Number of protein chains: 2
Amino acid sequence: MSRSTTDVPAQVAGADACTVREVLDRVGGKWSIGVIVEASRGPVRFTELERAVEGISRRMLTLTLRNLERDGLLTRTVHPTVPPKVEYVATPMARELYDALLTLTTWADRHRGDIAAARHRYDEARAD
Amino acid sequence: MSRSTTDVPAQVAGADACTVREVLDRVGGKWSIGVIVEASRGPVRFTELERAVEGISRRMLTLTLRNLERDGLLTRTVHPTVPPKVEYVATPMARELYDALLTLTTWADRHRGDIAAARHRYDEARAD
DNA sequence: CCGAATCCGAGGTGATACTG
DNA sequence: CAGTATCACCTCGGATTCGG
């Protein structure tokens, strides 16, 4: 974390934007983050996720799980027991991603008030 | 950047996930990042953005601009000339955000190969 | 318990044409 | 130049139901 925006040459800016888009396309889904967070804390079962990720439907949980597994962010383990038991856990790569997202969290915490104020000001000005 | 994922207590994880969602809802749009990148390099006009952000339609540019302005990430300046001239520029807050996104870029660069490999493996396994 | 398949409505997205 | 308006599409997400 040494470079600042102003240090970035104009040329690489576009490429960076593209790269960010890749990540966002992957974890930008409505539920991906929530699932990653839960799976980062250790192996978790399908039904546990269904309850832990507030508001998610069974369909979306399945789809999200598949996409994350496909990208190597989640490991799916089937225990051949009766009844069947399937556990999901975040891969090291996903944990690193989560750490990276922490940077965004910090930003959001710092500027939450500013954003709310800006919105209020904007809406206020339009109300006239 | 001192804390690692494993250091984060379970309780705050959910809250962090929520915070990340806030940011993602704001800049997760298909075009937001591209516009922020362009506007971070200095004042830029509407038509310049239309050409700079590859593939964006006039409508989506307008909507993206409005949202970013509303959140205080962009400053809109109208020069009362003929013909009209409107310039957009990223606020300091937006530049900080861009710096935060650089962390994600780094992650993506490090793991791009891993993800591609994981996908290939996954698709391969399903082809059987 | 875990997941797939189908149906269906809501909202996001783009092409085009028009205005101050 | 800098938008706004309208329409048509089309993907996403939810509810429900069925299978292993």
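Note: hydrogens, waters and symmetry copies are ignored here, and every other heavy atom, side chains too, is used. No experiment lies behind these values; they were computed from the predicted model shown. Proteins get letters first, then strands, A, B, ... in listed order; numbering begins at 1 in each.
- If you walk DNA chain D from 5' to 3' and mark each nucleotide with an atom closer than 4.0 Å to a heavy atom of chain A, the marks span D:dG13 to D:dG20.
- Scanning for ring pair (Phe, Tyr, Trp, His ring centres under 6.0 Å) contacts around B:Trp31 gives an empty result, with sequence neighbours left out.
- Partners of B:Arg59 by salt bridge (Lys or Arg N to Asp or Glu O under 4.0 Å), not counting sequence neighbours: none found.
- For A:Arg58, the salt bridge (Lys or Arg N to Asp or Glu O under 4.0 Å) criterion is met by A:Glu50, not counting sequence neighbours.
- Comment: B:Arg95 does not engage B:Asp99 in a salt bridge, judged by the lack of any side-chain N to carboxylate O separation of less than 4.0 angstrom.
- Checking side-chain atoms of A:Thr105 against main-chain N and O of B:Thr19 turns up no donor-acceptor pair under 3.5 Å.
- Taking the C1' atoms of five terminal pairs at each end of the helix from C:dC1-D:dG20 to C:dG20-D:dC1, the two resulting helix axes are inclined by 40°, rounded to 10°.
- Comparing A:Pro83 and A:Arg66 against DNA chain C, the residue whose closest nucleotide sits nearer the 5' end is A:Pro83.
- Annotation: proximity of residues 67-82 of chain B to DNA chain D (heavy atom, distance under 4.0 Å) is found for B:Arg76, numbered in ascending order.
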Practice task
Kindly indicate, with the supporting measurements, whether the criterion side chain to side chain contact (heavy atoms under 4.5 Å, CB included) is fulfilled by B:Val27 and A:Val20.
Solution key: CA-CA 11 Å; B:Val27 301; A:Val20 172; over 6 Å; no

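- Applying the side chain to side chain donor-acceptor pair (under 3.5 Å) test to pairs two or more places apart or on separate chains, those with a residue in residues 70-82 of chain B are A:Arg119-B:Asp71, A:Asp123-B:Arg70, B:Arg76-B:Tyr88.
- Listed here is the closest heavy atom pair of B:Leu104 and A:Val23: O-CG2, 4.0 Å.
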Fill in the blank from the handout: A correct 5'-to-3' footprint of nucleotides 5-20 of chain C, with B, S and - meaning base, sugar-phosphate only and no protein heavy atom under 4.0 Å, is -B------BBB----B

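- One interatomic measurement links the two molecules: NZ of A:Lys85 to P of C:dC2, which rounds to 9 Å at whole-angstrom precision.
- In this view, A:Arg121 satisfies the salt bridge (Lys or Arg N to Asp or Glu O under 4.0 Å) rule with no residue, not counting sequence neighbours.
- Residues meeting the salt bridge (Lys or Arg N to Asp or Glu O under 4.0 Å) test with A:Asp109, sequence neighbours left out: A:Arg112.
- Near DNA chain C, meaning a heavy atom under 4.0 Å from it, residues 42-53 of chain A has A:Arg45, A:Phe46, A:Thr47 in order of number.
- A donor-acceptor contact shorter than 3.5 Å links the side chain of A:Ser40 to the backbone of A:Ile36.
- By the side chain to side chain donor-acceptor pair (under 3.5 Å) test, B:Arg26 pairs with no residue at all, sequence neighbours left out.
- Under the 4.5 Å side-chain heavy-atom criterion for ILVMFWY residues, a single connected hydrophobic cluster contains both A:Met60 and B:Leu24.
- Nucleic acid contact class of A:Thr62 (heavy atoms, under 4.0 Å, all strands): sugar-phosphate only.
- Taking all atoms of both residues into account, the shortest heavy-atom contact from A:Leu49 to A:Ile56 is O-CG2, 4.5 Å.
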Exercise for the section: Assess whether side chain to side chain contact (heavy atoms under 4.5 Å, CB included) is satisfied between B:Val86 and B:Phe46, documenting all intermediate values. Expected result: CA-CA 7 Å; B:Val86 181; B:Phe46 189 89; 5.6 Å; no

